[in-house]
Amino acid sequence: MFRSLILAAAGSERVERLVEAAPLSRNVVRRFIAGDYAADALRVTRELVNQGLAVSIDHLGEDTTTPAQAEAIREEYLDLLSALAAAELTPQAEVSLKLSALGQAFDEKLAYEHARAICAKATEAGTTVTIDAEEHTTTDSTLEILARLRRDFPTTGAVVQSYLRRAEADCRDLAGAGSRVRLCKGAYKEPESVAYQSKLDVDKSYIRCLNILLAGDGYPMIATHDPRLIEIGENRSKWYDRNSDEFEFQMLYGVRPDEQLRLVALGYTVRVYVPYGTQWYQYMMRRLAERPANVAFFLRALRSTK
Ligand SMILES: Cc1cc2nc3c(=O)[nH]c(=O)nc-3n(C[C@H](O)[C@H](O)[C@H](O)COP(=O)(O)OP(=O)(O)OC[C@H]3O[C@@H](n4cnc5c(N)ncnc54)[C@H](O)[C@@H]3O)c2cc1C
């Protein structure tokens, strides 16, 4: 109920205008977002890499509606990859990409071509790209584009959302040799016809998917902050004889930083997803929907700016 309300607000332009106009302390947004510019993402990446963490940088923005916007996003990623290489932050830092930002909704071919250019640049820069998962209506198109990208750039990462009823089948398709697959619970509001609705069902699906990926020949990327699932991930990785360089944990910037460092100290690879850019509204609302405590933090900070 709480999650549905916040996710409904995430889609409302009226609420978006209200929240963006509120006297938001920069600290609230800065807890989850590196800053407005690529230079901010680079600064945060450098700090995280110095602590032994790996990074995936995401330029915020989704639901692009014009070819000009899609082209601007492509250019942003190409510049970001050049800057990462120049700062010698590759291969520890890669990029995450939303195909909706590249025009997938109105021209799949255009989105593919832009994603291809970004993958080519990432290869030149000595790093990788992971294609984020978005609403279920885009899953088939995203996986098709991913398969095409992987013909030339086999390290391109996929994302599976365990709340989708199709998740296990997708994991089986994606568990082949060399295949990088991020497993997350899923962050969007989805109907019961396609997605499990209860936390228990989503978690059980997550564990079934984890088993498929760990038993396979690919490179599983266990993206969660859930203590129980992290513990299961640690145990199952041993059960499946995975060395610490044969899978990784992933978490979001600003969420459970102590846990990120605890896992690094144990010798695991932990990659932090670092978003930057001015279009933070939808990303922030998804984070609030995940955790009531985040809403309290958000409201407290709003009050303290008045
Ligand atoms: C690296 C990464 C990439 C992602 N990419 C995608 C994507 O491409 N597509 C997509 O749909 N979703 C993506 N997500 C989001 C994901 O789907 C979930 O919405 C998000 O991770 C929350 O789920 P959770 O597994 O952390 O568990 P939740 O069920 O949200 O939380 C479980 C438990 O984790 C702990 N916890 C969670 N948050 C906190 C916190 N802030 N502080 C302390 N404890 C906390 C609490 O104990 C909580 O009970 C990504 C997540 C990560 C980490």
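Atoms within each ligand, like the ligands themselves, are counted from 1 in listed order. We're numbering straight along the sequence, starting at 1.
- Near Y188, meaning under 4.0 Å from one of its heavy atoms, ligand 1 places the atoms 11 (O).
- Within the set E259, E135, E190, H225, the minimum heavy-atom distance to atom 36 (N) of ligand 1 is found for H225.
- Here R30 pairs with D36 in a salt bridge; the nearest charged N to carboxylate O distance falls below 4.0 Å.
- For the pair K185 and ligand 1, the shortest N or O to N or O distance falls below 3.5 Å.
- A salt bridge links E113 with K109: the closest approach of a Lys/Arg side-chain nitrogen to an acidic carboxylate oxygen falls below 4.0 angstrom.
- The residues R46 and E88 are annotated as not salt-bridged, no charged nitrogen and carboxylate oxygen being separated by less than 4.0 angstrom.
- Only side-chain heavy atoms of Q161 come within less than 4.0 Å of ligand 1; its backbone N, CA, C and O stay farther off.
- A salt bridge links D140 to R166: one of the charged nitrogens lies within less than 4.0 Å of a carboxylate oxygen.
- Residue contact check: D132 has heavy atoms under 4.0 Å from atoms 8 (O) of ligand 1.
- The shortest distance between side-chain heavy atoms of E259 and H225 does not fall below 4.5 Å.
- Below 4.0 Å from some heavy atom of R256 lie the following atoms of ligand 1, by number and element: 42 (N), 43 (C), 44 (N), 45 (C).
- Taking each heavy atom of Y196 and V202 in turn, the nearest pair found is O-CG2, 3.8 Å.
- Residue contacts with ligand 1 include R287, since one of its heavy atoms falls under 4.0 Å from the ligand.
- No N or O atom of Q250 sits closer than 3.5 Å to an N or O atom of ligand 1.
- Annotation: A187 places an N or O atom under 3.5 Å from an N or O atom of ligand 1; distance criterion only.
- The hydrophobic cluster containing V159, built from Ile/Leu/Val/Met/Phe/Trp/Tyr side-chain heavy atoms closer than 4.5 Å, comprises no other residue.
- Using a 4.0 Å cut-off between a side-chain N of Lys or Arg and a carboxylate O of Asp or Glu, R262 and E234 qualify as a salt bridge.
- For ligand 1, the polar-atom distance check against T224 finds a nitrogen or oxygen pair separated by under 3.5 Å.
- Counting only N and O atoms by type, the side chains of D201 and S198 include a donor and acceptor under 3.5 Å apart.
- Looking at A133 next to ligand 1, an N or O pair under 3.5 Å apart turns up.
- There is no side-chain donor-acceptor pair under 3.5 Å between T138 and Q104.
- Against a heavy-atom cut-off of under 4.0 Å, L252 is close to the following atoms of ligand 1: 2 (C), 51 (C), 52 (C), 53 (C).
- Contact annotation for V159 and ligand 1: only side-chain heavy atoms (C-beta onward) come within less than 4.0 Å of the ligand.
- Among the atoms of G186, some N or O lies under 3.5 angstrom from an N or O of ligand 1.
- Remark: K121 engages E124 in a salt bridge, criterion side-chain N to carboxylate O under 4.0 Å.
- Shown in contact with V255 at under 4.0 Å from a heavy atom are these atoms of ligand 1, numbered in order with element: 38 (N), 39 (C), 40 (C), 41 (N).
- Looking at R182 against ligand 1, only its side chain comes within 4.0 Å, counting heavy atoms.
- Distances below 4.0 Å separate heavy atoms of Y273 from the following atoms of ligand 1: 1 (C), 3 (C).
- Within the set C184, P227, P275, the minimum heavy-atom distance to atom 14 (N) of ligand 1 is found for C184.
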